[in-house]
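By convention in this document, chain letters (A, B, ...) are assigned in the order of the sequence lines, proteins followed by strands, and residues within each chain are numbered from 1. FYI, side chains are in, hydrogens and waters are out, and symmetry mates aren't considered; it's all heavy atoms of this structure.
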Protein chains: 2
Amino acid sequence: MKVRRGVQERVADQLRERIAHGDLVPGAALSETALAQEFGASRTPVREALKQLQAEGLIVTKPRVGTFVAAPSRREINELFEVKEILEGAAARLFANRGEIPELDQLRENVRRSERAVGDGDFDRYVALVHEYHDLIMRGAGNAKLMQQYRMLMNQLLYTRFVHLSVRRSGRLPQSDREHQSILHVIEARDGATAERLMRDHVRASHQALMDMLDFSGDEHRLNGVNAAPEQP
Amino acid sequence: MKVRRGVQERVADQLRERIAHGDLVPGAALSETALAQEFGASRTPVREALKQLQAEGLIVTKPRVGTFVAAPSRREINELFEVKEILEGAAARLFANRGEIPELDQLRENVRRSERAVGDGDFDRYVALVHEYHDLIMRGAGNAKLMQQYRMLMNQLLYTRFVHLSVRRSGRLPQSDREHQSILHVIEARDGATAERLMRDHVRASHQALMDMLDFSGDEHRLNGVNAAPEQP
DNA sequence: AAAATCCATGATGCATGCAAGACAGGGGCG
DNA sequence: CGCCCCTGTCTTGCATGCATCATGGATTTT
């Protein structure tokens with residue numbers, strides 16, 4: 001089922017990919033003309049793609065100056081994690097209240113595979129499985145609008161870049177895995193309230209661990225590249 | 001502090017206003033050329049404004065066919081209300097956990113005025129106060145990202161059109177007002193968990209009452225003008 | 001030498017023209 | 001009489017050119 005995709009959609013998807021993957025760091029400048037040349041198109045569709053990314057909070061445009069990859073401040077990142085906690089907690093509750101749905105079996109399979117990945121020490125595989133886990137929780141909530149808001153949230157957070165760091169913090173890896181299992185069990189027991197509470201705790205703990213790591217490792221992964229102007233002429 | 005506003009921002013704000021106010025009903029067609037003429041501009045800024053509204057979920061564009069005001073299905077509306085319940089519930093909890101903040105005094109004042117408005121039977125004033133109440137709850141949560149997601153949600157819901165109907169259902173008006181008071185009291189008591197529970201119940205009850213009304217009053221305020229194709233040749 | 005000023009440069013904002021596709025209606029054909 | 005095709009017209013998608021303005025560095029002034 002291949003649909004005819006316009007230029008602007010290709011550009012938007014490409015830029016989303018690059019920002020998520022880290023090829024475009026926060027604060028990086030995006031020139032319309034340069035992008036237009038690179039994609040072999042004119043500025044018009046590029047501008048529309050940028051407009052869409054702006055509405056999603058991924059980039060910011062300073063009028064007559066330029067467009068830059070969004071560089072959320074520390075406070076904004078904390079706010080985004082707070083919203084993440086809210087949305088994922090609610091999703092776990094809704095999931096639990098739905099009983100036996102296809103996503104539940106997939107979640108069981110995911111937890112089994114994660115257990116093996118942890119045992120094998122296969123970090124990359126575990127990272128992929130963590131993504132799948134949270135994605136399954138959201139899909140299992142059965143609410144497309146919730147899913148949509150969650151996707152935009154994760155894009156703004158540049159979450160994929162964070163997870164790699166977080167998983168390396170080996171201290172929390174087994175703990176995080178146990179929390180995933182606990183949440184699965186209460187979902188199986190259809191205990192929505194507990195599922196919500198555990199998921200919120202899980203997200204908050206993950207958030208805390210990540211912030212500790214960022215404080216520890218200095219600003220090599222700096223979050224506000226625009227605010228911190230390079231001071232070397 | 002007046003800022004230089006471009007054409008596309010004016011167009012976007014104007015269209016948001018019209019959709020919220022009901023001048024543009026769901027399913028209505030939006031011609032780029034017509035809008036360009038009306039605003040005395042060219043199609044380019046109009047197109048960018050529409051692109052932004054599309055990203056916000058307010059309009060949908062069928063390629064090579066036209067752009068139309070979004071017409072959420074019954075299911076989507078229920079999903080949106082479910083998300084509303086989640087976000088407002090979380091906001092009430094966060095508010096309660098923050099203790100004495102300026103918004104708390106404003107909330108007390110709002111509840112006092114609402115009580116008077118109910119006593120006077122001043123519907124329009126009460127509608128405005130209900131809006132202010134929920135807005136204060138969200139602001140009191142102290143999370144700008146949460147507020148942002150909430151704003152987009154309310155736009156998609158066309159909530160302003162709903163409230164007028166809902167308030168007319170006089171049976172729930174005193175009940176709704178009592179719920180507002182109860183939530184204020186548990187926020188004053190800094191009981192976040194109860195505040196979240198009560199707010200969720202409140203939103204769900206309001207949602208239920210509205211859906212009953214829509215079922216009762218037929219489809220005069222139809223929600224899916226695009227999906228429901230007229231079937232009379 | 002320090003500071004204010006001027007200007008070249010490059011960015012976005014907007015206007016306009018052309019191309020391609022979708023849909024409705026009329027005309028031709030079986 | 002019914003079906004199909006064909007074309008006119010409207011829509012959006014894209015390309016291009018010009019106008020406007022922020023910005024940094026050279027230049028002039030004090």
Side-chain angles (χ1 to χ4, degrees), chain A residues 1-15 24 27-56 58-71 225-233, chain B residues 1-15 24 26-71 225-233:
Chain A
M1 183 171 150
K2 186 141 184 307
V3 295
R4 295 269 300 162
R5 289 164 45 80
V7 177
Q8 50 180 276
E9 304 179 22
R10 282 204 343 258
V11 175
D13 286 349
Q14 265 287 323
L15 292 182
L24 290 172
L30 292 173
S31 167
E32 293 179 0
T33 57
L35 289 173
Q37 280 193 354
E38 178 185 338
F39 284 94
S42 80
R43 279 179 52 214
T44 307
V46 172
R47 274 182 66 80
E48 306 197 358
L50 292 179
K51 200 78 192 165
Q52 184 157 353
L53 296 185
Q54 185 184 21
E56 296 173 13
L58 270 163
I59 64 177
V60 294
T61 299
K62 295 208 264 184
R64 310 280 187 188
V65 176
T67 54
F68 308 90
V69 179
V226 144
N227 301 343
E231 212 66 44
Q232 297 171 355
Chain B
M1 179 168 157
K2 186 143 184 302
V3 297
R4 296 269 302 162
R5 289 164 46 80
V7 177
Q8 51 181 275
E9 303 180 21
R10 282 205 342 257
V11 175
D13 286 349
Q14 264 288 323
L15 291 182
L24 290 172
L30 293 173
S31 167
E32 293 178 0
T33 57
L35 289 173
Q37 280 193 353
E38 177 183 339
F39 284 94
S42 80
R43 278 181 50 214
T44 306
V46 171
R47 274 182 66 80
E48 303 196 1
L50 291 179
K51 200 73 191 170
Q52 185 157 352
L53 296 184
Q54 186 185 19
E56 296 173 13
L58 270 163
I59 64 176
V60 293
T61 300
K62 295 208 263 185
R64 312 282 185 187
V65 177
T67 56
F68 308 90
V69 179
V226 146
N227 300 345
E231 212 67 47
Q232 296 172 356

For [X] and [N], what is the distance between atoms [atom1] and [atom2] respectively, to the nearest whole Å?
{"X": "E9(B)", "N": "dG13(C)", "atom1": "CD", "atom2": "P", "answer": "9 Å"}
{"X": "R10(B)", "N": "dC14(C)", "atom1": "CZ", "atom2": "C1'", "answer": "12 Å"}
{"X": "F39(A)", "N": "dG13(D)", "atom1": "CZ", "atom2": "C1'", "answer": "17 Å"}
{"X": "Q37(B)", "N": "dC14(C)", "atom1": "CD", "atom2": "P", "answer": "18 Å"}
{"X": "R5(A)", "N": "dC14(D)", "atom1": "CZ", "atom2": "P", "answer": "11 Å"}
{"X": "Q8(A)", "N": "dA15(D)", "atom1": "CD", "atom2": "C1'", "answer": "14 Å"}
{"X": "L35(A)", "N": "dA15(D)", "atom1": "CG", "atom2": "C1'", "answer": "17 Å"}
{"X": "K62(A)", "N": "dC21(D)", "atom1": "NZ", "atom2": "P", "answer": "18 Å"}

Point to revise | L53(A) side, atom CG; T67(A) side, atom OG1 - distance, nearest 0.5 Å | key: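 Between L53(A) CG and T67(A) OG1, I get 9.5 Å after rounding to 0.5 Å.
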Point to revise | Interatomic spacing from CD in Q14(A) to CG in L35(A) - rounded to 0.5 Å | key: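 Q14(A) atom CD to L35(A) atom CG measures 10.5 Å (nearest 0.5 Å).
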With sugar-phosphate meaning primed atoms plus P, OP1 and OP2, does [X] contact a base, only sugar-phosphate, or nothing at under 4.0 Å between heavy atoms?
{"X": "E48(B)", "result": "nothing"}
{"X": "L30(A)", "result": "sugar-phosphate"}
{"X": "A41(B)", "result": "sugar-phosphate"}

**Study point:** Closest-nucleotide ordering on DNA chain D, the 5'-leading residue of V7(A) and V65(B)
**Key:** V65(B)
Any N or O donor-acceptor pair linking the side chain of [X] to the base of [N] at under 3.5 Å?
{"X": "R64(B)", "N": "dT11(D)", "answer": "no"}
{"X": "T44(A)", "N": "dA15(D)", "answer": "yes"}
{"X": "T67(A)", "N": "dT12(C)", "answer": "no"}
{"X": "R43(A)", "N": "dG13(C)", "answer": "yes"}

Exercise for review: Can you figure out which of dC14(D), dG13(C), dT16(C) approaches the side chain of S42(B) most closely?
Suggested key: dT16(C)
Practice item. Run through K51(A), R47(A), Q54(A) and flag the one making a side-chain hydrogen bond (donor to acceptor under 3.5 Å, both in side chains) with E48(B). Key: R47(A)
Practice item. Decide yes or no on side-chain contact (heavy atoms from CB on, under 4.5 Å) for T44(B) and V7(B), but give the supporting numbers first. Key: CA-CA 10 Å; T44(B) 306; V7(B) 177; over 6 Å; no
Exercise for review: Take L50(B) and L15(B), measure what side-chain contact (heavy atoms from CB on, under 4.5 Å) needs, and give me the verdict at the end.
Suggested key: CA-CA 9 Å; L50(B) 291 179; L15(B) 291 182; 3.8 Å; yes
Check your understanding: dT12(D) phosphate, OP1 or OP2: any side-chain N/O from R47(B) under 4.0 angstrom?
Key ->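 Result: no.
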